[in-house]
Amino acid sequence: MSALALCLLLLFLAGPIFWLLKPQRSHAFAWLAALPPAAVTLWQALQMNAVASGSTLVERYAWAPTLGLEVALKLDGLALFFGLLITGIGTCIAFYTNYYLEGDRRQGYFYLVLYIFMASMLGLVWSDDLLTLFVFWEGTSITSYLLIAYKSEYKGAVEGARRALIVTTAGALAMLAGMVLLGLEAGTFNISEILAEPGIATAAITPVALVLLFLGAFTKSAQFPFQFWLPGAMSAPTPASAYLHSATMVKAGIFLLARLHPAFSDLPLWFWSLFLVGGFTMVLGAVSAIRYTDMKALLAYATISVLGMLTMLLAFQEEYALEAFVVTVLAHALYKAPLFLSAGIVDHAMGTRDLRRLAGLARALPVVALTVVLATVSMAGIPPTMGFLAKELLLENFYDLFEHSETLIGGLGFAIAALSAVFLGGAVFTLTWEAFFRRKPDDEAAHLHHAPSFWFAAPALLLTILGAVGALFVGSYEQVLLAPAIAAVAGEPIEVHLKLWHGLTPVFFASMGILVLAVVVFLARGLFRRLYARVPTGFSALAVYDATVDAIYRLAYRVTTVIQGSPMAPQLSVTLLAGVAVVFYAVFFTDGSTSRLLDSLEFPTLTEWAIFALAIIAAITTVRARSRLSAIIALGVVGVTVTLFFIIFGAPDLALTQLLIEVLTVFLLVLVFFHVKPDTPIAHDRREPFRLLVAVAMGFFGFAVVMVNHLSQVGESISPYFIENSLELGKGSNVVNVILVDFRGYDTMGEITVLALAALGGYALLRSTQMHALRQRINAARQMLASEPEPAKSESGREAGHD
Amino acid sequence: MTAIMLAVLVGVLFACGAYMILLRGQIKLVLGLGLITHAVNLALFGTGKLTRGAPPIVPHEQQVTAAMAGQFADPLPQALILTAIVISFGVTAFIVVLIYRRDALTGSDLAPGELATVINTSDPFAPFSSRMVMPEAADDYDILQFELDEVYDNPQAEGADE
Amino acid sequence: MTEIYLRLVNLILTPLIILVAILLFLRGHDLPGGGFIAGLLVAAALELTILSRGATVTREQYGPWLIPLVGLGLLVAVIAGLLGIYGGGFFHGMWIEFYLGGDKIKMGTPQLFDLGVMLVVIGMGVTYLLRLSEAAEAVSKNDAVEGEQP
Amino acid sequence: MNVHPTILAMPVAIPLLFGALSLLMQGIRTPHRVRVQQILAGIAIGANLILALLLLSYTLSGGRMSFQMGLWPAPFGITVYIDGLSAIMLTTVGLLSALIFPFAVATMDAERARLGFYPMALFLLMGANGAFITGDLFNLYVFYEVLLMSSFVLLTLGGTPSQINGGIRYVVLNLMGSMMLLLAAGITYGTLGTLNMAHIAVRMGATPYLVQAVIAGLLLIAFGAKAAAFPVFFWLPSSYHTPHPAVTALFSGVLTKVGMYSLFRTFPLFFPWLLDEWQPLILTIAGLTMVIGVLGAFAQPTIRRLLSFHIISQIGYMFMGLGVAMAPTPYGVGFGLALAILFLVHNQIVKTALLLGGGAVELETGTGKLNELGGVVALRPFQAALFFLAAFSLAGFPPTSGFIGKLGLLEVTFSSGSWVIAAVSVFVSLLTTMSMIRLWQYVFWGKPHSKYRMPKKLATQGASMAMTVPVLILVVLSIAIGVMAQPALDAVQVAASQVIDRVGYVETVGPELTASDLQIPFGNYPADAVAAGR
């Protein structure tokens, strides 16, 4: 059985096929596009009963067993729940896209990326292996990058995409490290096996691994302080925003936490991280949302708030918390996606989605207005919607804790939840009222220029109706859909009985009170917006991010200036000093006592002393010489002394070669150096001491390298073999020549290749006709540069700066 | 002792060569490299057994025994040095030509340096970098380099795009 | 004036040096000498020719053949190596010995290889000397022209 | 497979033979000269690739082979030796040259082609091949010089001022590196009395630590300089962006990788214990190389400058693998080395793809400066897609080869307890992503620049194909290594196990060498750590 893999493959392959089909040609493709996700949804729906009865579908495919890498898929309650959301909403999005991008030549490309994203997301929630999860996780990162930057000509889109990718990649890499640590500790990367490992929660490495995993989950799910990328990602086309930020990508982090919940939720580290980070994010998102007049930005902050809520709920092990978690995921998907989609329709129809320019759309876009109102009702938590059920459960959880001795946490949680709910309600009321019902916009009004067809709005309407009335029938699907998911998060079967109506409990009254306060916030929206306008912009996580990236660029710039901007001498010094350091280390920091000094000859003869002195004088003359000619001659003298050494120590071939080479080198140097500009005279600059230091160090290096040879002769040299066999086997009595052309002729072959290459290089560089033409052109260019006071480069620099 | 003398000589040659190549100036660069080449060759020579005056030329028509082999100078380092000498001659000749061409093209006598201002920091996606101030180009930098490239790489100026 | 002396020197000395070089090459297997030394000597001799006759003239005569000469040298060397495969492996030396007028003459692939070495060294050395001399000549001419113009 | 070991001479002999023939053509004044040289180069590169694949299939089934040049016995003559690592390198370099060849044919300007680009490229191939198969330290130096000289010549071919400027720096700095190698070979001969690598391995255990440290240190600097490791990498960023894009691509696939290969070959063979003792040093080099390389890439203004700094950064990862090569891991000793080899291959493939793709952009738009480029995705969507995939492979995203390499190295470093370097590598991975995004957004997104001009030669259908298909093949290869990771891992594990099997090496080269004349114990490390004299 490989149904899971087949489903993923179907979605993956749908992308390229659609790309080839050029779907922008007709709206009929909307139906075709919805088909693959709909099929997968249907298949999953058929599995619901089986999964609810406790049987899970597991598939494992070997990938790289050596690295513990495999593709493991598992369809349990949680996977099925998320999977249904992904493909279900995906069906609506796929349908909607065709209308949203009508006539766009790149629609096929959008579908290509969208399907791959969908498949990755589905794979992510189905995976039962940490590394598999990571693979799909990165798949969603890349595809969302492409989706966000769909309008790649606009800087805002590209910039938002970049920020999203960098932040999520940073988290993902931390997460990968955490996964590797956890996997090495557990001896497997399989999630089910890790969760079943008894000692895993208490292992020494677990806190480190968990923190790294949290980094991944928090960045992906836009938790504080990483929430700033999400609003920037709103520059994506609306179908992508709706999909990525309502039901799918941002839930990936939440999903990971829910997956790990059974094994690690006992740890205090787990509780406090999730509770504090989630709670803070929840309040921050909710309070910020009302500030924005861009519909999508407002919704983005509302999404951040809900994501914080979900994270906070996962901190708890209580039944209510987990029920609230699952129901909130469902409710959020069903109201946030329609809101986003409606914003897209408004944008499409009016040419803007800025609330300041919109008013009274209810008349022009009645279907959209209906959609938005229903979604608003759910989002604000007005009974009998799904949103109301979620809010009830959330408050119930904290009230329960408050009653059962956990006063502090319960009270705090209750306050946080209530505060966020108030502001979320206020924000969504603002959105609905200002766009659809008020009479007059704040700003210049936008005009309807393109009325949407019914089918454009249909997917949003469908979803919103499900969200609005779904809670009424909760009893009919809670056992097959919600209970298995809750059980999977809890790690054990839990009996679930959800009721929409709990009676007139304190929680209900609190809920009603929140609604009233939400209306108050809505009415006072002008005041809040003015207040927010006073908050300095530098005081945000985005500023911290920018400062970090800025610091990296600065550092890079500094480092590069040092590396690349420097002249050659420092670079050369570093290379030479590296060699010196090696010898220095070996001579002074290793145990040299095992070595003994060997020497084959006793004392140098007088001739040798004389040659030695001559060589040193000549070398120093080369350095100190004032004229080019004397320097070249001095170098030649050094060469001659080397030749003399060769003669004395029995190397006539070497001596002959060295002499001839010396002659040719002098020829070359004279030919060249009398036509190039003379060096600037030596000035005693501030680098002089350093130069001397390097020179002395190199002197030590040379001395030590020769002496090392005489410290220890470990084995017999192989050279007697050559002397013995030269005549008989090599047919020659000049052993050096026999070595060159026979024993080690292969070396010589390489050597003459070097010469051949040198000849070719010299030939290529020295074609005089071409070179002089070039020189004349360069002189002309130089004169032009000199006459032009402002070079062109500074202009381009300014342009870039303005950008 | 002779070995120590040789080692001292090698050290002096290395020191002089290193000092010279660190000085600015292309002629000094080549001469310094020449000194270092000599130093390396001598250092290699010192790795073998130093034998005064017995070149490794085995007399004709004579069977050489192991005992006799010790009387000859070590032939292997000689072959290696010969290879090294010839290779470094090829490299030196090439460097000389490079410097010649460089001088002919740019008329500069300094050892080559990178153009500082080509390190571009203006990143249009990053507003912060526009605040970055470029350091003043030091005198070591070869300011002309980049403009010259443009002249040469421009096919209109080249006159032959085919 | 110097040109005439140079030509005279060139006329006598160059063939002589080349003869010496050939001698050094032939006895290289047994006595100091060999392909490298012979090649370098020939290159040095040809510098005399360049000096006496002028680089441009010499280049027009020999120039086009220098890189092919290098190629030929490499080819000879690698063929000498490849011939060894016939004897059992790459680079295996193979010898023919015969008597010519009482002298024992031996010829083998290592000597062929040495010939290749010599050709490459000649080609390389002369390429550089010739090209640089020519460039130097051109620069002096060019500078002279530039000097006149302003 | 039963072939005569003389086949081992062919990776060197074939390019040399055809290179020499090409040079012969150089003098013939015929308009078809370049065409003939192209055909000769094509034949040589094809033959070389076939040969490499043959040797690869032989060695990966566990075989290894050695051949004595001129049939002179082992420590005296020059040994050539092939095992999995050599064969992998031969194959990748052969493949890369075969893919760069059509790109070069299509894009090389007439001037450079006439001046002998094709023979030079063949000699570069010869130098690399020679270095990969040699079993002799001095011979390694010779082939390094062949490699260096051919790269000098290729680098300056065309002779623009920036090429010359970069070229001088390249030549001088590399010369210092090869000087260190020559001195190391000299010291090895002076103290151990031999140059044969197998023989050196046998005798090294008896050498005083002082001498070992000098030899190992000089080799580290020499090979590190060739591989562009910290702090001896300066030559690379100052030169790689100057020559023709095909040359840059060839360099990135061959030059630095030869340095890495030599480290992989010599250290585990000569002094495996030093890999453990010097692990902090090697890992420090690795970390600094990574960080400096990637930071350098941030500040670069042109495509190829940016990519060449990434070469340096990626070398750091290979050094990291070398550092943990002998570390005990749950996967056995040598697994770090196997992953380093895998990373090396991955990097060769992806880096060449990026440089070819970026080079094509430079050639087609006439500029490589990031702030002059933009909107290329609209002009060349397919090339852009390939570049995107290659860029994310470099950044280590699944399911490409980069991910396998990154994950593997992370597992090994974590499990061997090298936490700091593992953390640094993760951080550098993030910076790599950031910098690749920067490149991508500058060049491919944004508004198309109106002033792009495409040379007529490149506007043809054939040229466009020749610039795209090699990149396509490389990208497919990278993804294939990622998706079918297990066969690739098996292959590099075979190679790594052969590399760390010192006894096997020596027995292959000369069975009589194992019985050392020095009466010192010799064995594999760390199994025979005590016996190995440490």
Side-chain angles (χ1 to χ4, degrees), chain A residues 159 550 553 557 564-565 567-569 599-601 603-604 616 619 623 631 635 638 642 649-652 654 661 668 672-673 676-677 679 691 694-695 698-699 702-703 705-707 709-710 719-720 722-724 726-727 733-736 739-740 751 754-755 758 761-762 765 775 781 800-801 803, chain B residues 1-3 5 7 10-16 18-20 22 25 27 31 34 38-39 43 46-47 49-51 53-58 60 64 69 72-76 78-79 82-83 87 89-90 94 96-97 100-101 103-104 109 111 113-114 116 121-122 124-125 128-130 140 151:
Chain A
E159 179 61 12
D550 193 0
Y553 269 85
Y557 178 72
Q564 232 188 332
M568 187 162 71
D599 202 348
S600 47
L601 294 173
F603 275 98
I616 287 179
V623 178
L635 181 67
V638 176
V642 173
F649 294 112
L654 269 186
I661 293 262
L668 287 184
V672 169
F673 285 171
V676 306
K677 217 170 152 189
D679 289 341
R691 212 174 279 140
V694 176
M698 278 309 283
F703 178 78
V705 159
V706 178
M707 289 318 291
N709 286 308
H710 299 275
S719 68
F722 301 119
I723 297 174
E724 284 166 41
S726 168
L727 192 55
S733 53
N734 182 357
V735 185
V736 175
I739 292 178
L740 278 175
E751 180 194 348
V754 173
L755 287 187
L765 282 174
R775 189 181 185 180
D803 281 350
Chain B
M1 275 308 285
T2 318
M5 185 183 89
V10 169
V12 170
L13 289 181
F14 259 122
C16 291
Y19 181 81
M20 270 193 104
L22 292 182
I27 297 176
L31 296 178
H38 287 314
T47 62
K49 210 150 34 85
L50 295 176
T51 315
I57 292 175
V58 185
H60 276 272
V64 185
F72 295 104
D74 193 343
L76 188 57
Q78 293 190 18
L82 215 149
T83 306
I87 287 178
F89 172 64
F94 188 68
V96 165
V97 166
Y100 175 76
R101 178 155 179 132
D103 179 81
D109 70 316
E114 284 271 323
T121 53
S122 62
F125 300 118
F128 41 84
S129 55
S130 56
D140 301 307
V151 173

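So you know, we letter chains A, B, ... as the sequences are listed, proteins then strands, and number each from 1.
Atom CD of A:E724 and atom CZ of B:F72 lie 11.0 Å apart (nearest 0.5 Å). To the nearest 0.5 Å, the span separating OG1 on B:T83 from CD on A:E751 amounts to 4.0 Å. In this structure, the separation between CZ on A:F649 and CG on B:D74 is 13.5 Å, given to the nearest 0.5 Å. For the atom pair CD1 of B:I57 and CG of A:L727, the computed distance is 12.0 Å after rounding to the nearest 0.5 Å.
Side-chain contact between A:L765 and B:Y100 is absent, with no heavy atoms from C-beta onward closer than 4.5 Å. Taking 4.5 Å as the limit, every side-chain heavy atom of B:I27 sits out of range of all side-chain heavy atoms of A:V672. In this structure the side chain of B:H38 reaches within 4.5 angstrom of the side chain of A:L635, judged on heavy atoms.
Contact record, B:V96 with A:L668: CG1-O, 4.4 Å, taken as the closest heavy-atom pair. Between B:Y19 and A:A695, the shortest heavy-atom distance links the atoms CB-CB, 3.8 Å. Taking each heavy atom of B:V97 and A:G762 in turn, the nearest pair found is CG1-CA, 4.4 Å. Smallest separation of non-hydrogen atoms from B:P56 and A:G650: CD-O, 3.3 Å.
Highest contact tally toward chain B, considering only A:V694, A:I616, A:I661, A:V705, is held by A:I661 [criterion: heavy-atom pairs under 4.5 Å].
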